[in-house]
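Worksheet: the structure to be examined is printed underneath.
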Protein chains: 2
Amino acid sequence: MKLRRVTSKQVAERAGVSQTTVSFVLNDAPNSNISEETRQRVFDAARELNYVPDMAARNLARGRSNTIALILIKPHEKVFADPYIPNVISGLNHVAKANGLRILVHQVETLTGTSQLDAVSDLLRSGEAAGAIISGWMPEVSEVAQPLLDDGYPLVLLDIPDAPIEAIPCVSIDHLSGVRELTQYLIELGHRRIGCITYGPMTDLQVQKRLTMFRETLRIANVPIIPEFLRLGAYDPDSGYAAALSLLDMDEPPTAIYCMNDLMALGAIAAIHERGLRIPEDVSVVGYDDMRFAPYTVPALTTMRAPESELGERAGELLISLMNKKTRKFKQQVLRSQLIVRNSCGVVR
Amino acid sequence: MKLRRVTSKQVAERAGVSQTTVSFVLNDAPNSNISEETRQRVFDAARELNYVPDMAARNLARGRSNTIALILIKPHEKVFADPYIPNVISGLNHVAKANGLRILVHQVETLTGTSQLDAVSDLLRSGEAAGAIISGWMPEVSEVAQPLLDDGYPLVLLDIPDAPIEAIPCVSIDHLSGVRELTQYLIELGHRRIGCITYGPMTDLQVQKRLTMFRETLRIANVPIIPEFLRLGAYDPDSGYAAALSLLDMDEPPTAIYCMNDLMALGAIAAIHERGLRIPEDVSVVGYDDMRFAPYTVPALTTMRAPESELGERAGELLISLMNKKTRKFKQQVLRSQLIVRNSCGVVR
DNA sequence: GCGCTTTAGTAATGCGTATTACTACAATAA
DNA sequence: TTATTGTAGTAATACGCATTACTAAAGCGC
């Protein structure tokens with residue numbers, strides 16, 4: 001189980017120098033005066049013995065770990081329900097590798113309950129990770145984050161819904177603008193009866209805000225907000241299907257359906273076909289996420305694409321700058337989503 | 001940047017005991033005789049000071065880290081192209097949490113080149129992770145894995161193509177049986193002209209074996225193997241679309257198209273519709289993966305579902321047993337995929 | 001009242017590295 | 001010649017915990 005460790009001491013012995021010298025050479029210490037010849041001896045000895053520094057010892061001595069934590073606060077089954085987090089990891093991985101850092105992925109269901117709150121806090125305070133990125137906003141997050149930030153712990157929050165806490169470094173995708181843009185697009189096409197399929201739980205701040213923005217955009221454009229046109233889905237195609245059916249079966253159904261994500265839009269499209277209606281002639285549909293199947297729905301789905309991988313990169317960069325600089329200065333960054341117009345929307349007749 | 005650490009020494013001071021006692025109490029050491037009263041004092045002091053053990057120090061002292069590494073050997077853009085890895089992480093996360101372990105995700109493009117090979121080897125030999133799961137098979141993997149295993153390092157390989165190296169602990173999904181089952185299903189429906197859209201690179205052993213199995217199944221059933229019916233896609237819908245078009249435009253096109261994954265099947269379905277053909281009356285289609293959109297293609301896609309999350313769980317369990325037990329005994333495990341019959345296949349006319 | 005065991009702890013050490021403070025020697029400057 | 005500055009290293013220590021070896025006091029049988 002336990003590998004026989006080769007220590008720097010053994011390397012030193014073999015090279016006929018002190019352990020200090022080994023450390024100096026292998027870390028290329030700035031003010032060490034080691035002759036080229038000795039350096040070579042150390043390198044050779046290290047290679048011959050297949051020396052690999054013990055990370056625990058190094059971290060302890062340096063007082064800093066070489067990993068950053070990605071904390072995912074989201075119910076188990078939802079973390080990887082869509083490519084959002086994978087894409088973030090992908091981007092983060094990129095900058096982590098460039099900086100010689102490891103990524104620790106830690107998923108936790110929620111933060112209600114002191115024990116879970118402490119679990120996250122302890123993970124970071126234990127020094128396991130030299131910094132952390134927290135994804136998944138809820139009010140309790142700031143309870144964890146603020147004390148850590150006050151202590152100078154490098155922390156970056158991901159995707160805080162608008163009105164961000166000023167003092168917290170964060171990188172977000174401006175989903176609210178995305179929602180507005182998408183809604184306006186429907187309005188510009190002449191739709192005035194716009195259904196909406198959102199998803200729960202309604203305690204999710206992100207979802208709430210998006211819904212509010214949807215309504216607000218309608219209001220500003222003087223498009224009637226019809227409460228009966230709102231459906232609560234469950235994130236997945238089946239729920240979108242059911243919700244769409246119930247919308248279509250109304251006496252005066254909507255001419256457009258705004259789906260809060262592509263998966264539900266997928267179900268909605270099936271429902272519309274099932275009722276013998278045409279897209280977009282009879283009903284327009286939009287989704288959100290631009291998942292891989294979106295170009296291949298029939299007709300191809302108009303949706304919003306978020307720069308998720310870039311989000312991960314930016315978050316990583318910000319975190320690293322916080323880790324390196326004494327300064328606690330930072331700027332909150334906001335990335336914009338992109339409207340992907342395909343064929344699922346048409347002008348209202 | 002650096003949190004002011006609370007050390008066990010400070011806790012000891014506050015509780016009026018020795019550091020040893022603090023360690024004994026907080027770790028609930030088996031043969032320590034500490035009175036209930038003293039225990040309480042220690043607990044109180046620890047809580048009051050908000051003490052969190054330093055993980056680097058703990059790991060060093062214990063000689064073992066509390067994290068396990070998930071090594072992903074796959075090109076950057078393909079790691080998260082489908083939910084395979086996310087699902088594995090999901091399952092792995094489950095058992096990791098139950099065992100108080102962290103997950104370190106390390107992605108590396110390939111293993112050609114000594115530097116990359118060493119990077120992985122060093123990560124594990126550095127003791128950063130107490131064990132590792134390696135996903136992404138290529139011959140070089142065993143170059144990394146074998147020496148580590150010989151040294152007793154706990155290692156589990158994921159999804160080695162059949163004919164596994166006997167001496168290596170691994171957990172796999174039996175994709176070859178999946179391919180056979182799917183192919184046989186088409187044959188049983190009477191298809192004798194079966195096109196195949198595979199994906200590259202052809203150096204990928206997994207892909208090669210699957211293709212071989214596809215052909216072998218045809219051969220055994222005396223179904224002609226028509227080389228012109230083979231297309232090399234690029235994993236994504238667009239390539240499936242193009243490949244399918246070129247199959248359909250042949251003088252004597254296939255009556256069924258076997259797609260090596262759902263994404264390409266998605267494109268193929270679009271191509272079939274584009275040529276004005278009906279599914280499954282004119283052409284049958286199968287995919288592989290059972291991605292979320294599969295029930296909602298038109299018609300719903302018949303495909304193969306792999307127990308990916310379970311794969312992660314099993315791998316985690318096996319790894320943990322290797323980490324705990326002195327014994328190096330293990331059993332290679334193979335999980336079966338499940339045929340999901342929907343509506344994209346019909347009997348040949 | 002003597003040895004023996006149990007109870008309730010503590011002192012000391014080790015883990016493997018990074019780093020600080022020091023040394024021996026040579027080269028140079030005054 | 002002597003003081004000064006490099007040069008090329010080394011010895012010693014810190015990092016914070018776990019753990020082993022030890023101790024002082026109390027309990028107990030006889």
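The chains referred to below are lettered A, B, ... by the order of the sequence lines, with proteins before strands, and numbering in each begins at 1.
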(request) Indicate yes or no for a side-chain donor-acceptor contact from A/R64 to the backbone of A/M323 under 3.5 Å, with no hydrogens or angles considered. (result) yes
(request) Between B/A61 and A/S23, name the one whose nearest nucleotide on DNA chain C is closer to the 5' end. (result) B/A61
(request) Kindly say whether B/A145 contributes a backbone atom to a donor-acceptor pair with the side chain of B/S142 at under 3.5 angstrom? (result) no
(request) Give the first and the last nucleotide of DNA chain D, reading 5' to 3', that has any atom under 4.0 Å from a heavy atom of chain B. (result) D/dG16 to D/dT20
(request) Remember a base hit wins even if backbone is also touched, and classify B/T7 as base, sugar-phosphate or nothing at under 4.0 Å, heavy atoms. (result) sugar-phosphate
Would you tabulate the nitrogen or oxygen pairs shorter than 3.5 Å linking the protein to nucleotides 11-13 of chain C?
residue	atom	partner	partner atom	Å
C/dA11	N7	B/T20	OG1	3.4
C/dA11	N6	B/T20	OG1	2.8
C/dA12	N6	B/T20	OG1	3.4

(request) Would you work out how much the helix from C/dG1-D/dC30 to C/dA30-D/dT1 bends between its ends, with each end axis defined by five base pairs, to 10 degrees? (result) 50°
(message) What I want to find out is whether B/R41 reaches B/E37 closely enough, with some N-O distance under 4.0 Å, to be called a salt bridge.
(response) yes
(request) Spell out, as yes or no, whether a donor-acceptor pair under 3.5 Å connects the side chain of B/S32 to the backbone of B/I34. (result) no
(message) One pair to check against side-chain contact (heavy atoms from CB on, under 4.5 Å): A/R39 and A/D28. What are the steps and the verdict?
(response) CA-CA 10 Å; A/R39 300 177 77 81; A/D28 202 21; 3.0 Å; yes
(request) Would you please test A/V141 and A/V144 for side-chain contact (heavy atoms from CB on, under 4.5 Å) and show each step? (result) CA-CA 5 Å; A/V141 168; A/V144 174; 5.7 Å; no
(request) Return the value, rounded to whole Å, for the distance between atom CG of A/N31 and atom P of C/dC22. (result) 17 Å
(message) Once side chain to side chain donor-acceptor pair (under 3.5 Å) is applied, what residue pairs with a partner in residues 47-61 of chain B remain, sequence neighbours excluded?
(response) B/R5-B/D54, B/R14-B/E48, B/N27-B/R58, B/D44-B/R47
(request) Spell out, as yes or no, whether a donor-acceptor pair under 3.5 Å connects the side chain of A/T110 to the backbone of A/I73. (result) no
(message) Test: salt bridge (charged side-chain N to carboxylate O under 4.0 Å, His left out). Region: residues 129-141 of chain A. Which pairs qualify, not counting sequence neighbours?
(response) none
(request) Output, in order, the C-alpha distance, side-chain angles, deciding distance and verdict of salt bridge (charged side-chain N to carboxylate O under 4.0 Å, His left out) for A/R314 and A/E310. (result) CA-CA 6 Å; A/R314 293 291 184 83; A/E310 189 185 349; 2.9 Å; yes
(request) Output yes when a side-chain donor or acceptor of B/N66 lies under 3.5 Å from a complementary backbone atom of B/L101, and no otherwise. (result) no
(message) Under the side-chain contact (heavy atoms from CB on, under 4.5 Å) test against A/Y84, which residue among A/D159, A/V79, A/I89 passes?
(response) A/D159
(message) Tell me which residues in residues 35-60 of chain B lie within less than 4.0 Å of DNA chain C, going by non-hydrogen atoms.
(response) B/S35, B/T38, B/L60
(message) Rounding to an integer number of Å, can you tell me how far B/I34 CD1 sits from C/dT6 P?
(response) 17 Å
(message) Check whether B/K97 reaches the backbone of A/Q107 with its side chain - one donor and one acceptor, N or O, closer than 3.5 Å.
(response) yes
(request) Look at all strands and tell whether B/V22 reaches a base, only sugar-phosphate, or nothing, counting heavy atoms closer than 4.0 Å. (result) nothing
